[in-house]
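All of these numbers come straight from a predicted model, not from anything done at the bench.
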Amino acid sequence: MSFPLLTATAALPAIGAIATAAVPAAQRTVAKWVALFFSLGTLVLAGIVFARFEPGGDRYQLTESKAWIADFGVRYELGVDGIGVALLGLTALLIPFVMVAGWHDADPLETKSSRWRPTQGFFALILMVEAMVILSFLATDVFLFYILFEAMLIPMYFLIGGFGDRAHAGSDENAAKQRSYAAVKFLLYNLAGGLIMLAAVIGLYVVAGSFSLSEIAAARADGTLEMATSTERWLFLGFFLAFAIKAPLWPLHTWLPNAMGEATAPVAVLITAIVDKVGTFAMLRFCLGLFPEASKWATPVVIALALVSIVYGALLAVGQRDIKRLIAYASISHFGFIILGIFAMTSQGQSGATLYMVNHGISTAALLLVAGFLITRRGSRLIADYGGVQKVAPVLAGTFLIGGLATLSLPGLAPFVSEFLVLVGTFSAYPVAGIIATSGIVLAAIYVLVLYQRTMTGPVAEPVRTMPDLKARELVVAVPLIALLLLLGVFPKPLTEVVNPAVKHTMSDVQKKDPQPEVEAAK
């Protein structure tokens with residue numbers, strides 16, 4: 001029996017979470033290093049998965065399959081395709097940076113307490129989220145995916161509500177109430193979507209007799225599985241609603257600004273750069289893969305909602321006074337681009353959407369983590385409390401600028417490639433939608449440059465005069481992320497060569513071909 005590499009990759013952070021939680025309360029530094037060690041080990045295993053993945057091979061590779069709940073046809077089935085391996089790499093890559101950036105975020109404000117373990121809990125919860133997200137990218141059994149999709153909400157709830165941002169303008173009591181509100185809203189929204197999805201998962205089993213993606217695909221191919229049009233559409237809606245909440249797509253997005261605003265910067269990265277990607281990934285794997293006719297039926301409405309997300313998110317980002325909420329609304333706009341690329345139903349659009357998931361994760365992590373360093377120094381999230389930072393902390397200002405330029409998809413940085421592909425793929429199928437989507441680029445330039453101007457340039461604000469520049473630990477976070485943005489901006493081939501074959505499979509699922517360009521005959 002071959003080594004279960006996928007299981008090991010997902011199990012290692014779960015084991016790390018248990019080991020971290022078991023560290024004695026007084027040994028906070030030991031707990032941090034234990035958690036970081038397991039996250040780096042997971043990154044190594046993810047690198048091995050990426051190296052062993054063959055872009056021209058089978059759709060799902062390194063597969064594992066074992067009976068789990070046999071009476072209900074549930075199996076423990078894992079497999080990785082090109083889209084899954086890209087997002088697996090993103091998750092494993094970002095978690096160590098999240099940990100290093102949040103090195104002191106969960107340290108007790110009072111060192112007298114020896115029994116309460118906030119540090120151990122903080123890092124253990126991050127590792128638990130990593131394990132569940134990785135497994136969700138690998139699961140090829142629908143019921144197994146559903147369990148993971150719901151289970152990851154629990155550690156995220158405690159990370160948002162229990163380890164909130166200390167740079168809060170209000171009193172401690174008010175801050176605690178707002179953190180609790182954000183955590184509960186996050187949980188209720190996602191649980192509601194998950195319950196609707198559960199009904200659709202049960203309905204799928206009734207119709208298909210299996211939860212296995214491979215068995216359902218084989219039954220479709222040999223004609224033994226035929227879904228009534230109305231049944232397929234209702235099942236699609238059940239799955240899509242849950243994924244749209246997680247994504248987040250307008251008008252189901254309202255939990256995100258609260259959650260990101262009240263969470264620490266590393267946890268905010270965990271939300272928008274990692275966990276939310278499960279929603280858009282699932283649209284490709286499950287909505288398009290299981291319900292191709294319903295996906296094409298819903299395309300006009302989904303594209304309209306994606307366009308609203310792009311413009312609405314960008315407009316609200318322009319008007320924000322809170323740095324983290326600005327980045328949250330910018331992310332809503334970016335997720336609109338991702339969903340637009342998925343449902344444009346073109347190979348360029350879907351390749352761009354997948355690259356967008358990866359590049360958005362890196363660029364948002366770079367911008368948000370540097371913003372977190374800035375907020376920690378000043379003790380405020382309000383843009384108006386800053387000014388002239390580049391004169392006293394030029395390295396901090398420079399890394400913040402590059403993260404912001406990546407967010408607005410400046411050519412030469414990684415997000416430009418993915419946004420360009422999404423727009424090209426959309427223009428070729430839906431020209432009007434492509435034109436409307438380009439307005440998001442203009443608005444992105446406004447909110448990013450205005451943010452930089454108000455915080456980093458101009459007269460030095462009095463509380464900023466003694467602000468220190470980035471320290472060694474913070475440079476360890478910022479510099480590699482910026483290097484990745486530059487590398488993937490000029491050399492995206494390592495990602496495109498694994499993503500493109502997977503996109504071809506998805507296009508085949510929905511029986512779509514790229515529109516042919518209209519060329520006038522020579523006279």
Side-chain angles (χ1 to χ4, degrees), residues 3-20 32-53 55 61-62 64 78-103 123-139 145 148 152 155-156 159 266-267 269-278 280-282 285 354-366 368-369 414 476-477 479-481 483-485 487-488 494-495 498-499 502:
F3 178 71
L5 181 58
L6 298 186
T7 294
T9 306
L12 191 60
I15 296 170
I18 297 170
T20 302
K32 296 173 186 177
W33 283 107
V34 168
L36 183 60
F37 171 79
F38 277 95
S39 70
L40 291 172
T42 304
L43 178 58
V44 171
L45 289 180
I48 295 172
V49 172
F50 197 94
R52 291 188 59 185
F53 184 81
Q61 300 180 29
L62 305 175
E64 302 172 26
L78 304 181
V80 64
D81 63 356
I83 299 170
V85 79
L87 294 174
L88 166 64
L90 172 70
T91 303
L93 175 71
L94 290 184
I95 292 296
F97 292 115
V98 166
M99 289 186 174
V100 175
W103 201 249
F123 286 91
L125 289 170
I126 290 175
L127 286 171
M128 285 305 301
V129 172
E130 180 182 23
M132 293 176 186
V133 170
I134 286 175
L135 265 179
S136 69
F137 291 142
L138 304 177
F145 173 84
L148 298 165
M152 69 179 70
M156 286 305 307
L159 284 169
V267 173
V269 170
L270 199 62
I271 295 168
T272 190
I274 297 175
V275 172
D276 286 356
K277 298 302 187 301
V278 175
T280 47
F281 163 81
R285 172 167 286 188
T354 305
L355 292 178
Y356 214 128
M357 293 185 222
V358 176
N359 294 333
H360 171 265
I362 299 171
S363 63
T364 298
L368 195 48
L369 292 178
V476 168
V477 173
V479 172
L481 291 174
L484 272 173
L485 291 172
L487 176 63
L488 294 176
L495 287 177
V498 300
V499 165

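- Put simply, CD1 on I126 and CG on L36 are 11.0 Å apart, with the number rounded to the nearest 0.5 Å.
- The two residues S39 and I95 have their closest heavy-atom pair at CB-CG2, 3.9 Å.
- Contact check for V499 versus V358: no side-chain heavy atoms found under the 4.5 Å cut-off.
- Looking only at side-chain heavy atoms (C-beta outward), L87 and T354 stay at 4.5 Å or farther from each other.
- Side-chain atoms of I271 and D276, non-hydrogen and from C-beta on, do get closer than 4.5 Å to each other.
- Taken from CG in L495 to CG in L355, the straight-line distance is 6.0 Å, to the nearest 0.5 Å.
- For the pair M156 and V267, the minimum side-chain heavy-atom distance is below 4.5 Å.
- Here the shortest heavy-atom pairing between F97 and P480 reads CZ-CB, 3.6 Å.
- The distance from the OG1 atom of T272 to the CG atom of L368 is 8.0 Å, given to the nearest 0.5 Å.
- Contact of the V278 side chain with the M152 side chain is registered, since non-hydrogen atoms from C-beta on lie closer than 4.5 Å.
- Rounding to the nearest 0.5 angstrom, the gap separating the CZ atom in F38 from the CG atom in L127 is 8.5 Å.
- With T9 as reference, V49 is the one residue of I48, V49, V44 to meet the side chain to side chain contact (heavy atoms under 4.5 Å, CB included) rule.
- Between the side chains of E64 and T7, a donor-acceptor pair is found at a separation under 3.5 Å.
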